[in-house]
**Q** 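One structure coming up, written as structure tokens, with questions to follow.
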Protein chains: 2
Amino acid sequence: MMAAQQLDLVFGALADPTRRAILARLAEGEATVNQLVTPFRLSQPTISKHLKVLEHAGLVSRGREAQFRPVRLEAAPLAAAEQWIGEYRRFWEASFERLDTLVQDMKRKENDHG
Amino acid sequence: MMAAQQLDLVFGALADPTRRAILARLAEGEATVNQLVTPFRLSQPTISKHLKVLEHAGLVSRGREAQFRPVRLEAAPLAAAEQWIGEYRRFWEASFERLDTLVQDMKRKENDHG
DNA sequence: CGTTTATATAGCTATGTAGAAATATAGCGA
DNA sequence: TCGCTATATTTCTACATAGCTATATAAACG
């Protein structure tokens with residue numbers, strides 16, 4: 001099992017929309033810091049700080065090519081996060097079933113009254 | 001799709017080990033606030049504050065029975081969080097494949113040298 | 001009623017974080 | 001070497017959060 005502290009870092013990193021957007025961008029491939037800066041109206045240091053948080057959580061890794069430090073997605077920690085959440089699947093599936101039942105009931109009543 | 005802000009709240013709530021432990025406890029069934037306090041060496045107000053965070057994220061709901069405010073797990077937001085993470089599954093599966101390949105390579109070399 | 005029990009709120013401290021601007025570092029290219 | 005580009009670091013402000021103690025509310029109980 002992943003250390004609890006690692007989950008703290010991963011979920012903490014995912015709690016920010018800018019960082020989630022950075023990961024989404026990286027899903028399309030490696031990017032330089034400036035490529036990550038442009039779409040957001042945020043300063044370069046701010047993006048660098050977000051990258052440090054992501055790196056600390058193990059969600060990105062950095063290369064080194066001349067004066068560029070390309071950023072790559074590292075998805076492995078997401079597997080652990082998904083696994084943690086997955087332990088609760090039966091609960092939300094149960095509630096969706098209840099929702100289904102409710103919807104069916106409503107439809108049936110509609111027909112009864114139609 | 002879930003609003004981005006909702007994901008902020010859910011991932012933010014999951015980023016704390018006390019809150020994850022509270023959810024784990026609630027997976028075994030409804031609990032009162034004091035029942036949630038005892039296993040943690042934290043004060044009751046501290047737990048109440050964590051419960052407020054969880055409630056704000058939609059991960060728990062509160063009942064009202066006499067002077068008790070029983071806490072129930074609400075797993076639905078976890079489905080959205082899992083779905084968000086699930087978009088990246090192909091990336092971690094890819095890296096596990098690479099790991100597999102690596103392990104197989106190592107085993108093969110071991111045999112070559114044994 | 002007053003007392004006890006369960007929970008919430010207020011107020012505080014310490015720490016963390018998101019953002020900015022300014023500056024430093026590092027590599028490339030003329 | 002000089003200057004340009006890419007990125008990191010520093011320093012600041014504003015705000016959020018985890019924890020505490022003390023106190024307030026609210027319902028049950030005697």
**Q** Nearest whole Å is fine: how far is C/dA8 C1' from B/N34 CG?
**A**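 It is 12 Å, rounded to the nearest whole Å.
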**Q** Looking at side-chain heavy atoms only, is the closest gap between A/L73 and A/L59 below 4.5 Å?
**A**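 A/L73 vs A/L59: side chains apart.
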**Q** With the side chain of B/F68 defined as its heavy atoms from C-beta on, choose the nearest nucleotide among D/dT9, C/dA8, C/dA6.
**A**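 Closest nucleotide to the B/F68 side chain: C/dA6.
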**Q** In whole angstrom, give the distance that lies between atom CZ of A/F40 and atom C1' of C/dG19.
**A**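 Whole-Å distance recorded here is 15 Å.
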**Q** So A/K49 and A/T46, do their side chains get closer than 4.5 Å, heavy atoms only?
**A**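 They are not in side-chain contact.
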**Q** Taking distance alone, no hydrogens or angles, what donor-acceptor pairs closer than 3.5 Å link side-chain atoms of residues 10-26 of chain B to residues at least two apart or in another chain?
**A**
residue, atom, partner, partner atom, Å
B/D16, OD1, B/T18, N, 2.8
B/D16, OD1, B/R19, N, 3.2
B/R19, NE, B/A13, O, 2.9
B/R19, NH1, B/H50, ND1, 3.1
B/R19, NH2, B/G12, O, 3.2
B/R20, NH1, A/D8, OD1, 2.9
B/R20, NH1, B/L14, O, 2.8
B/R20, NH2, A/A4, O, 3.1
B/R20, NH2, A/D8, OD1, 2.8
B/R25, NH1, B/G29, O, 3.0

**Q** Would you kindly give the CG-to-P distance between A/L51 and C/dG19, to the nearest whole Å?
**A**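 A/L51 atom CG is separated from C/dG19 atom P by 12 Å.
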**Q** OP1 or OP2 of D/dT9 sitting under 4.0 Å from any side-chain N/O of A/K52?
**A**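 Checking A/K52 against D/dT9: at least one side-chain N or O falls below 4.0 Å of OP1 or OP2.
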**Q** Calculate the interatomic distance between B/I47 atom CD1 and C/dA6 atom C1'; express it in whole Å.
**A**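 Those two atoms, CD1 and C1', are 15 Å apart.
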**Q** Report yes if some heavy atom in the side chain of A/L42 is under 4.5 Å from a heavy atom in the side chain of A/V37; otherwise report no.
**A**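 When only atoms from C-beta onward are counted, A/V37 and A/L42 do not touch, as no gap falls below 4.5 Å.
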**Q** A/R69 CZ to C/dG27 P: how many Å, rounded?
**A**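 To the nearest whole Å, that distance equals 10 Å.
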**Q** Rounded to the nearest angstrom, tell me the gap between atom CG in B/L54 and atom P in C/dA8.
**A**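 From B/L54 CG to C/dA8 P: 13 Å.
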**Q** How close or far is atom P of D/dT9 from atom CZ of A/R62, stated in whole angstroms?
**A**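 A/R62 atom CZ is separated from D/dT9 atom P by 10 Å.
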**Q** Starting at the 5' end of nucleotides 14-30 of chain D, put B wherever the base has a protein heavy atom under 4.0 Å, S where only the sugar-phosphate does, and a dash everywhere else.
**A** ----BBBBB----SS--
**Q** For the residue pair A/Q44 and A/I47, establish whether any side-chain heavy-atom pair is separated by less than 4.5 Å.
**A**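 Answer no - side chains too far apart.
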**Q** Can you pull out every side-chain hydrogen bond (donor to acceptor under 3.5 Å, both in side chains) where at least one residue sits in residues 54-71 of chain A? Sequence neighbours excluded, please.
**A**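 Listed once each, the pairs are A/S61-A/R72, A/S61-A/E74.
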